[in-house]
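Each remark here refers to the structure printed beneath this line.
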Amino acid sequence: MLDVKFIRENPELVRQGLLNKNAKDVVDEILQLDDKRRSLIANVEELKAKKNKVSAEIPKLKKAGQDTTAIFAEMKQVGDEIAKLDNELKEVEESLENILRNTPNIAHHSVPVGKSAEDNVEVRRWLPDGFSFEYDFKILDHIELGKKLHILDFERGTKISGSGFPLYTGKGATLERALINFMLDTHLKNHGYTEILPPVLVNRESMKGTGQIPKMEEDMYFIEKDGLYPIPTAEVPITNIHRDEILSEKDLTIKYVGYSPCFRREAGSYGKESKGFLRVHQFNKVEMVKFSKPENSYDELESMTNDAENILKALNIPYRILMLCTGDLSFSAAKCYDIETWSPAENKWLEASSCSNFETFQARRANIRFRREDSKKVEFVHTLNGSGLATSRLMVSLLENNQTPEGKVIVPKVLQKYTGFEVID
RNA sequence: GGAGAGUUGGCAGAGUGGUUGAAUGCGGCGGUCUUGAAAACCGUUAAGGAUGCAAGUCCUUCCGGGGUUCGAAUCCCUGACUCUCCGCCA
């Protein structure tokens, strides 16, 4: 959520920011409502001050035995007037809040201006030693490999739950679990994160806090009976750990990492992009979340991206880093790096991670603040998160890049102590 | 699922309709004393909003929402959560 005060003071900057993000220009609408709001506040507070003053006098008058009938009548009127203005104010505030909650974050100045994914900028790429985009044997895709090696069973997954619910079997299940553990261990031991194992059903407040609601409501599963949402990412419960809290400056940066299954309806997105693992309703993800001081958040974004990259380097998977342009940034993000891994069978790059800085956008929604040591002032923190990483997309690249001409899959060295086997055949 | 009790400031805990934003204790911060520290003593210690250059002034908030009243932390309704007992159960 953007700060009204900031919009009031920098209307043109915000206007341009919204345009760059392909969003509707709501600046004037916001400013009008804000004006109305402030004038109503001035009126109603004046009346309230009067009410308070008189109310304090009444016990004294009563004690002195004076007749208070006239005052009561007058105060009744003041009370009615206050109620009326309060109602108006509430309506204005609700409209304002409604617009603000549906207005995206604006991008950091370092983000390239652009319309769509085509304008994203490749920042760097990393290829394993001896890697080539040319293969001297026929590459199988992850679905064929999964079937042949009896490690992925999409048909039975569909029988059990419906399309988009992958079933891992045998060494496939073990490999998945190994991957999760390897990623968690790396972030804990090498990158200094604290592990979290969060609830996977959350309440509405939490979904609002991280910005999935109201804008993305259609893409969320919802358990009506209990008013709970299966999480689309561990970002939601982990960021909400500190909702409505004032953190100590000395505790920042807080770095959490957690594994969770992720649930997404992906409403209306069936088709060629959705075969196998490319788009699923349930997948596993290890998520990194940071709570940072504003002045450090962009350094933290770089290091978080590196943390995710280190996983891919260790797994020997080719990847590239894209800086998303303004038009392709998600609703809440001010800056974002996508990490894409290479799929030889698809012959393209697949998004496996997104590392974003939300600045104060989520913190303002979720009311996450910290107190400065010296000035004792309270400020919003910056929140960041990044996948580290999503195993389903990663699994595509992992299987395809490690296949042999005979159609076996070599388990990457770093995973072997987790899997207990070196080859899947 | 059934019955009951509760939710007050960083924490503990008073307060059942009228200067209560809220006693008291603990904790935190500042000071006096001390070579330093402890103890003791004194002071201070919520967040948000409106207005103002500022100092300040004012408003809101005692779990959330609604109501009664001239006036609500206090009374009524409702929702969430916590605890105890019973039932059920990984």
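Chain letters run A, B, ... following the sequence lines, proteins first, then strands; residues in each count from 1. Because only heavy atoms are used, hydrogens play no part in the values below, and waters and symmetry mates are left out as well, while side chains stay in.
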Subject >> Option among A/Phe277, A/Phe154, A/Phe283 that satisfies the ring pair (Phe, Tyr, Trp, His ring centres under 6.0 Å) test with A/Tyr168 >> reply: A/Phe277
From the set [options], return the single nucleotide nearest to any side-chain atom of [X].
| X | options | answer |
| --- | --- | --- |
| A/Lys60 | B/rG48, B/rC70, B/rU19 | B/rU19 |
| A/Ser55 | B/rA47, B/rG71, B/rC58 | B/rG71 |
| A/Ile58 | B/rA47, B/rA50, B/rC70 | B/rC70 |
| A/Lys48 | B/rG48, B/rU60, B/rG49 | B/rU60 |
| A/Met75 | B/rG49, B/rC70, B/rA47 | B/rC70 |

For [Y], is there an ion pair with [X] - N to carboxylate O distance below 4.0 angstrom?
| X | Y | value |
| --- | --- | --- |
| A/Asp219 | A/Arg265 | no |
| A/Glu249 | A/Lys293 | yes |
| A/Lys90 | A/Glu93 | no |

Say you pick atom [atom1] in [N] and the same atom in [M]; how far apart are they, in whole Å?
| N | M | atom1 | value |
| --- | --- | --- | --- |
| B/rC33 | B/rA38 | C1' | 12 Å |
| B/rC59 | B/rG21 | P | 10 Å |
| B/rU68 | B/rC58 | P | 29 Å |
| B/rA54 | B/rA40 | C1' | 40 Å |
| B/rA14 | B/rG30 | C1' | 28 Å |
| B/rG79 | B/rU69 | P | 23 Å |
| B/rC76 | B/rG6 | P | 12 Å |
| B/rG27 | B/rA12 | C1' | 10 Å |

Counting any heavy atom closer than 4.0 Å, what does [X] reach on the DNA or RNA strands: base, sugar-phosphate only, or nothing?
| X | answer |
| --- | --- |
| A/Ala42 | nothing |
| A/Lys5 | sugar-phosphate |
| A/Asn52 | sugar-phosphate |
| A/Lys90 | sugar-phosphate |
| A/Arg364 | nothing |
| A/Ile71 | nothing |

Could you state the atom-to-atom distance from [atom1] of [X] to [atom2] of [N] in whole Å?
| X | N | atom1 | atom2 | answer |
| --- | --- | --- | --- | --- |
| A/Lys250 | B/rG10 | NZ | P | 16 Å |
| A/Leu61 | B/rG71 | CG | C1' | 13 Å |
| A/Asn43 | B/rU51 | CG | P | 12 Å |
| A/Phe72 | B/rU68 | CZ | P | 17 Å |
| A/Asp86 | B/rA50 | CG | C1' | 14 Å |
| A/Lys376 | B/rG28 | NZ | P | 13 Å |
| A/Asp374 | B/rG30 | CG | P | 13 Å |
| A/Asp34 | B/rG49 | CG | P | 12 Å |

Original post:
Considering only heavy atoms and no angle criterion, is a donor-acceptor pair shorter than 3.5 Å present between the side chain of A/Lys51 and the base of B/rG71?
Top reply: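 Per atom types, no contact qualifies.
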With a 3.5 Å limit on both atom pairs, tell me what [N] is paired to, counting Watson-Crick and G-U wobble, or say none.
| N | answer |
| --- | --- |
| B/rG25 | B/rC11 |
| B/rU57 | B/rA50 |
| B/rA5 | B/rU82 |
| B/rA38 | none |
| B/rU68 | none |
| B/rU20 | none |
| B/rA90 | none |

Considering just the side-chain nitrogens and oxygens of [X], establish if one lies under 4.0 Å of OP1 or OP2 belonging to [N].
| X | N | result |
| --- | --- | --- |
| A/Arg204 | B/rG79 | no |
| A/Arg38 | B/rU51 | yes |
| A/Asn367 | B/rG48 | no |

Original post:
Any side-chain heavy-atom pair from A/Glu245 and A/Ile368 closer than 4.5 angstrom?
Top reply: no
**OP:** By nearest nucleotide on RNA chain B, pick out whichever of A/Lys62 and A/Arg371 is the more 5' one.
**Re:** A/Lys62
Original post:
In terms of the nearest nucleotide of RNA chain B, which residue is placed more toward the 5' end: A/Lys50 or A/Ala73?
Top reply: A/Lys50
Original post:
Counting N and O atoms only, with roles assigned by atom type, does the side chain of A/Lys335 sit under 3.5 Å from a partner on the main chain of A/Met323, one being a donor and the other an acceptor?
Top reply: no
**OP:** Please confirm whether the backbone N or O of A/Ser206 pairs with a side-chain atom of A/Thr210, one donor and one acceptor, at under 3.5 Å?
**Re:** yes
Original post:
Checking ring-ring contact (aromatic ring centres under 6.0 Å, His included) for the pair A/His281/A/Phe263: CA distance, chi angles, key distance, verdict?
Top reply: CA-CA 5 Å; A/His281 292 307; A/Phe263 304 92; over 10 Å; no
